[in-house]
**Q** 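If you scroll down you'll find the structure; I have some questions about it.
Nothing here was measured: the structure is a model prediction, and the numbers come from that model.
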Amino acid sequence: MTHVSDTFPDPVYRDTVLAPLFDGARTGHAHALRQVDKAHLVMLAETGILTPAQAGAIAGGLRAVWAETDPAAMRYGGDVEDFFFAMEKALKARIGPDLGGRLHTARSRNDIDHTLFRLALKPRVEAALAEGRAALAQLLATAGREAETLIVAYTHGQPAQPTTLGHYLAAVAEVMLRDLARLEAALEIVDRCPLGAAAITTTGFPTDRHRVAQLLGFAAPLRNSYGCIATVDYISATYSALSLLFLHLGRPVQDLQFWSSFEVGQIRLPGGLVQISSIMPQKRNPVAIEHLRHLASQTWARSNAVLDILHNTPFTDMNDSEGETQDFGHQAFDAALRSLRLFGRVMAALQVDGARVARNLRLSCATVTELADMLVREAGLSFRAAHEIASEVAGAVVAAGEDLSSGGYPHFRRAYQAATGQAPEMDAAAFAQATSAAHFVALRDRFGGPAPAALQPALAGYGAELQALENRAAARAAQDRAAAEALEQSFNQLSGGA
């Protein structure tokens, strides 16, 4: 029988839990813990909870410990529970246990931890937003460049109607704008400071939670102290928004994969984004699109895994939402940044094969909807009657392997006369125009349509929304810089300078 010692920590518990958590904290949260210590110490001094002499001595001790300690070189030895206690132990050794222990007045690891987690999430969300805006900017640039470039639009995997690449990409841009807005909204939830909640119920000391939040660059303190250590919606909101962004991004990526197939051939990527086969010299594999789909799926899967981890957990402080879950979630951001950067590059490099588009439009009779519409507008037929004539024409053209515009008129004359008992007034030239792809798109200048009169103002509007996202990001970055400068200045003043 294996003997289990009562001495803490148990060696298995040490190796499977404490050591990995220690490593995660020292590599991911060491800098943020220093900022938390600075802000908390400044607040303790400003509120009179610590005397100026005490605060100055602690500030000097912290500086000395930071100068002597390289978190990257630290290894877990089992003499303390976690990284926080290791740093506290070093401070006590430097300035004495009584004075060193006073830094922890009116706080707990509970509120410290969730402050650190939020401080770690904020720059990751900002980085994802920045890469998202860059990808969106390239998406809109390509949409503008290809605003009049014809493509085949597909429904149910079959050729449906002609549109333009610009019109298609504008639809993707609309979704991406909404996704970035959702991620920005999640950032507002992350941007609330839990420090000062202490274990659960705040403290009997006269702390100033607003001041701490300000010094750490948060928009405000999170109000309810129980919620500060129990709520996880800052995590769930973030990963839900990230999940949706990449769920939605994966759909046009799937289209790009389909469009680049040999049978469709609607788009091409330049040589730098394709690979050849090691055995089949004719292969031209658009692997950048495959990797883009793969990275988007990784991001989506990891984001949803975080939500799964949080499912049915108690509404209290608990390990399920803490260190290892936070580190696991950060992997989703790593994949997200790679995916967004690659997406922007694919958008910039995307090329339409105009000859293949024209061929596919001809063979699929994708413009025949406009023939039916014209018969309603100009011949006075009901849409159902016009639809049946157009359907018969399309079937005959496809069966004969002909081009609708150049070879479909005889089929049209027969179908029209059979349906109405009279010859059509439309001649072959009018028929060719009515069934041309360029004419089809040009007519669709209604709000939201692909014609330039509709698409150009839409692209301008999307550009304005993107600029608003950029402006808000710049304002947040300025506030963060100001907070960091204020924290450093206030901390330096405690001991008369750095």
Side-chain angles (χ1 to χ4, degrees), residues 143-156 158-171 255 259 263-268 351-381 383-417 419-420 423-456 458-459:
R145 184 188 75 212
E146 308 292 347
E148 299 184 35
T149 303
L150 292 172
I151 62 168
V152 182
Y154 288 78
T155 61
H156 303 285
Q158 302 299 314
Q161 292 183 336
T163 187
T164 67
L165 182 59
H167 185 239
Y168 174 89
L169 294 180
D255 283 349
W259 292 354
E263 290 78 10
V264 176
Q266 181 160 258
I267 62 167
R268 284 173 60 87
Q351 300 169 355
V352 174
D353 188 333
R356 289 298 294 270
V357 169
R359 172 184 176 274
N360 292 343
L361 287 171
R362 287 195 305 269
L363 294 178
S364 65
C365 294
T367 59
V368 78
T369 302
E370 181 52 34
L371 175 62
D373 289 349
M374 181 170 282
L375 291 175
V376 174
R377 292 195 306 267
E378 299 184 10
L381 301 184
F383 181 76
R384 184 51 55 208
H387 183 279
E388 290 173 357
I389 293 171
S391 177
E392 187 172 337
V393 172
V397 168
V398 169
E402 296 172 334
D403 173 87
L404 177 62
S405 293
S406 62
Y409 186 70
H411 302 294
F412 167 68
R413 280 186 61 89
R414 286 193 295 273
Y416 187 91
Q417 189 150 10
T420 66
E425 295 182 6
M426 185 187 302
D427 61 15
F431 177 89
Q433 181 187 30
T435 54
S436 75
H439 179 71
F440 184 101
V441 169
L443 279 178
R444 280 150 175 79
D445 59 358
R446 307 298 183 263
F447 179 80
L455 183 56
Q456 292 304 330
L459 292 175

**Q** When you look at CD of E148, are more than 12 heavy atoms from neighbouring residues, nucleotides or ligands closer to it than 6.0 Å?
**A**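 Not more than 12 within 6.0 Å, no.
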**Q** For residues 387-397, which side-chain donor-acceptor pairs fall under 3.5 Å, sequence neighbours excluded?
**A**
residue : atom : partner : partner atom : Å
H387    : ND1  : R384    : NH1          : 3.4

**Q** Answer yes or no: is there a side-chain heavy-atom contact under 4.5 Å between D373 and F383?
**A**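 Yes, side chains in contact.
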**Q** Taking only residues two or more places apart in sequence or in another chain, which ones pass salt bridge (charged side-chain N to carboxylate O under 4.0 Å, His left out) with R362?
**A**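 Result, salt bridge (charged side-chain N to carboxylate O under 4.0 Å, His left out) vs R362: D403.
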**Q** Would you say H167's side chain and G448's backbone share a donor-acceptor pair under 3.5 angstrom?
**A**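 Indeed, once roles are kept as given, a pair shorter than 3.5 Å links the two residues.
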**Q** Regarding E370 and R377, does a basic nitrogen lie under 4.0 Å from an acidic carboxylate oxygen?
**A**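 Yes.
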**Q** M374 versus M426: any side-chain heavy-atom pair under 4.5 Å?
**A**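 In contact.
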**Q** Under a plain distance cut-off of 3.5 Å, with no hydrogens placed, do D255 and Y168 share a side-chain donor-acceptor pair?
**A**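 Their side chains do contain a donor-acceptor pair, which is all the 3.5 Å distance test asks for.
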**Q** Any side-chain heavy-atom pair from P450 and L455 closer than 4.5 angstrom?
**A**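 A side-chain contact under 4.5 Å is absent here.
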**Q** Run F440 and T369 through side-chain contact (heavy atoms from CB on, under 4.5 Å) and show every step you take.
**A** CA-CA 9 Å; F440 184 101; T369 302; 4.1 Å; yes
**Q** Check the side chains of T435 and S405 for a donor-acceptor pair under 3.5 angstrom, ignoring hydrogens and angles.
**A**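 Indeed, the side chains of S405 and T435 share at least one donor-acceptor pair under 3.5 Å.
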**Q** Quick one: salt bridge (charged side-chain N to carboxylate O under 4.0 Å, His left out) partners of D353, sequence neighbours excluded?
**A**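 So D353 forms no salt bridge (charged side-chain N to carboxylate O under 4.0 Å, His left out) with any residue.
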